[in-house]
Amino acid sequence: QVQLVESGGGLVQAGGSLRLSCAASGRTISQRAMGWFRQAPGKEREFVAKISWSGGSTYYADSVKGRFTISRDNAKNTVDLQMNNLKPEDTAAYYCAADRATFGNPARADFGSWGRGTQVTVSS
């Protein structure tokens with residue numbers, strides 16, 4: 001079982017930046033696709049971004065494309081989400097997740113391990 005812990009959330013003004021980090025323990029995540037999701041109050045959890053196990057492929061929700069960048073450091077067992085030009089509608093709890101499969105196709109990732117989330121609040 002892999003344990004995931006998110007950090008880096010906080011309060012920022014619109015137009016600002018934050019960098020979220022996800023640290024894994026228990027098992028390496030270097031062989032798994034990783035993703036970031038978010039959930040705003042009263043809304044369902046939604047996909048934000050994901051990255052292949054090698055880091056060679058990335059995918060983004062249309063709402064964050066061009067503003068957010070997902071990256072990973074397999075040597076450190078971490079995955080980051082750089083968020084620029086933040087908007088009030090980005091306010092949510094952000095969650096890191098790991099694919100159940102190893103060396104899987106990130107387009108078909110089945111995320112089975114989740115962190116507890118970190119809160120991002122963007123003021124207007």
Side-chain angles (χ1 to χ4, degrees):
Q1 185 78 9
V2 58
Q3 288 82 44
L4 303 172
V5 178
E6 303 92 340
S7 62
L11 174 64
V12 64
Q13 288 188 333
S17 298
L18 282 175
R19 188 176 184 90
L20 305 184
S21 186
C22 173
S25 63
R27 286 188 177 182
T28 179
I29 58 170
S30 63
Q31 302 168 352
R32 302 176 189 274
M34 297 294 295
W36 283 95
F37 294 75
R38 66 187 182 186
Q39 187 169 19
K43 295 187 177 181
E44 294 188 353
R45 187 174 296 185
E46 65 175 1
F47 164 73
V48 175
K50 59 185 174 181
I51 187 168
S52 63
W53 64 270
S54 66
S57 298
T58 55
Y59 304 78
Y60 297 93
D62 288 343
S63 58
V64 307
K65 202 171 293 183
R67 300 188 298 121
F68 291 12
T69 302
I70 188 171
S71 62
R72 67 188 302 158
D73 186 334
N74 283 342
K76 294 183 178 180
N77 230 20
T78 59
V79 178
D80 289 351
L81 185 69
Q82 177 66 42
M83 306 186 296
N84 298 328
N85 190 21
L86 283 160
K87 304 176 180 181
E89 52 264 42
D90 294 319
T91 295
Y94 283 72
Y95 299 87
C96 173
D99 190 4
R100 296 179 193 273
T102 54
F103 305 114
N105 184 338
R108 296 192 293 269
D110 178 18
F111 294 100
S113 297
W114 295 81
R116 293 188 175 185
T118 185
Q119 179 66 37
V120 171
T121 303
V122 185
S123 63
S124 57

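The residues of the chain are indexed from 1 along the displayed sequence.
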Visitor: Quick one: does Gln82's side chain get under 4.5 Å of Ser17's, heavy atoms only?
Guide: yes

Visitor: Any heavy-atom pair between the side chains of Arg72 and Ile29 that's under 4.5 Å?
Guide: yes

Visitor: Can any side-chain N or O of Ser52 pair as donor or acceptor with the backbone N or O of Ser57 at less than 3.5 Å?
Guide: yes

Visitor: Going by salt bridge (Lys or Arg N to Asp or Glu O under 4.0 Å), name the residues that satisfy it together with Arg27, two or more places apart in sequence or in a different chain.
Guide: none

Visitor: Can you name the closest pair of heavy atoms from Cys22 and Met34 and give their distance?
Guide: SG-CE, 4.4 Å

Visitor: Quick check for you: to the nearest 0.5 Å, what is the distance between Asn77 atom CG and Thr28 atom OG1?
Guide: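 Between Asn77 CG and Thr28 OG1, I get 4.0 Å after rounding to 0.5 Å.
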
Visitor: Only counting residues at least two apart or in another chain, list the ones meeting ring-ring contact (aromatic ring centres under 6.0 Å, His included) with Trp53.
Guide: Phe103

Visitor: Donor-acceptor pairs under 3.5 angstrom involving side-chain atoms of residues 106-116: please list them, not counting sequence neighbours.
Guide:
unit_1	atom_1	unit_2	atom_2	d
Asp110	OD1	Arg100	NE	3.4
Asp110	OD2	Arg100	NE	2.8
Trp114	NE1	Phe111	O	3.3

Visitor: Holding to side chain to side chain donor-acceptor pair (under 3.5 Å), I want the full list of residues that pass it with Asn85, two or more places apart in sequence or in another chain.
Guide: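 In terms of side chain to side chain donor-acceptor pair (under 3.5 Å), with neighbours along the sequence ignored, Asn85 is linked to no residue.
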
Visitor: Among residues at least two apart in sequence or on other chains, which ones pass salt bridge (Lys or Arg N to Asp or Glu O under 4.0 Å) with Lys65?
Guide: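 If we apply the salt bridge (Lys or Arg N to Asp or Glu O under 4.0 Å) test to Lys65, skipping adjacent residues, the hits are Asp62.
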
Visitor: Can you sort out the partners of Ala49 under side-chain contact (heavy atoms from CB on, under 4.5 Å), two or more places apart, ordered by chain and number?
Guide: Tyr60, Ile70, Leu81

Visitor: Return the set of residues passing side-chain contact (heavy atoms from CB on, under 4.5 Å) with Val12 (not counting sequence neighbours), or none when no residue passes.
Guide: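 With sequence neighbours excluded, Val12 shows a side-chain contact (heavy atoms from CB on, under 4.5 Å) to Leu18, Leu86, Val122, given in chain and number order.
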
Visitor: Atom CD in Glu89, atom OG in Ser124: separation rounded to 0.5 Å?
Guide: 10.0 Å

Visitor: Not counting sequence neighbours, list each pair that qualifies as a disulfide bond (SG atoms under 2.5 Å apart) and has a residue in residues 46-75.
Guide: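 The answer is none; no pair qualifies.
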
Visitor: Nearest 0.5 angstrom please: Tyr95 OH to Leu4 CG, how far?
Guide: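 Taking OH in Tyr95 and CG in Leu4, the distance rounds to 13.0 Å.
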
Visitor: Provide the full list of disulfide bond (SG atoms under 2.5 Å apart) pairs with a residue in residues 32-88, sequence neighbours left out, each pair given once.
Guide: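 Passing the test, one end in residues 32-88: no pairs.
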
Visitor: Taking only residues two or more places apart in sequence or in another chain, which ones pass salt bridge (Lys or Arg N to Asp or Glu O under 4.0 Å) with Asp80?
Guide: Arg19

Visitor: What pairs with Glu46 under salt bridge (Lys or Arg N to Asp or Glu O under 4.0 Å), at least two apart in sequence or on another chain?
Guide: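 Partners of Glu46 by the salt bridge (Lys or Arg N to Asp or Glu O under 4.0 Å) criterion, ordered by chain and then number, come out as Arg38.
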
Visitor: Answer yes if Leu20 and Phe68 sit in the same cluster of Ile, Leu, Val, Met, Phe, Trp and Tyr residues linked by side chain heavy atoms under 4.5 Å apart, and no otherwise.
Guide: yes

Visitor: Verify, without hydrogens or angle tests, whether Gln39 (side chain) and Ala93 (backbone) share a donor-acceptor contact under 3.5 angstrom.
Guide: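 Side chain of Gln39 to backbone of Ala93, a donor-acceptor pair under 3.5 Å: no, none is there.
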
Visitor: Applying side-chain contact (heavy atoms from CB on, under 4.5 Å), run through Arg67 and Asp90 and close with a yes or a no.
Guide: CA-CA 11 Å; Arg67 300 188 298 121; Asp90 294 319; 2.7 Å; yes

Visitor: Does any part of the side chain of Trp36, heavy atoms only, come nearer than 4.5 Å to the side chain of Val79, both counted from C-beta?
Guide: yes

Visitor: Report the residues that fulfil side-chain contact (heavy atoms from CB on, under 4.5 Å) with Ser7, sequence neighbours left out, ordered by chain and then residue number.
Guide: Ser21

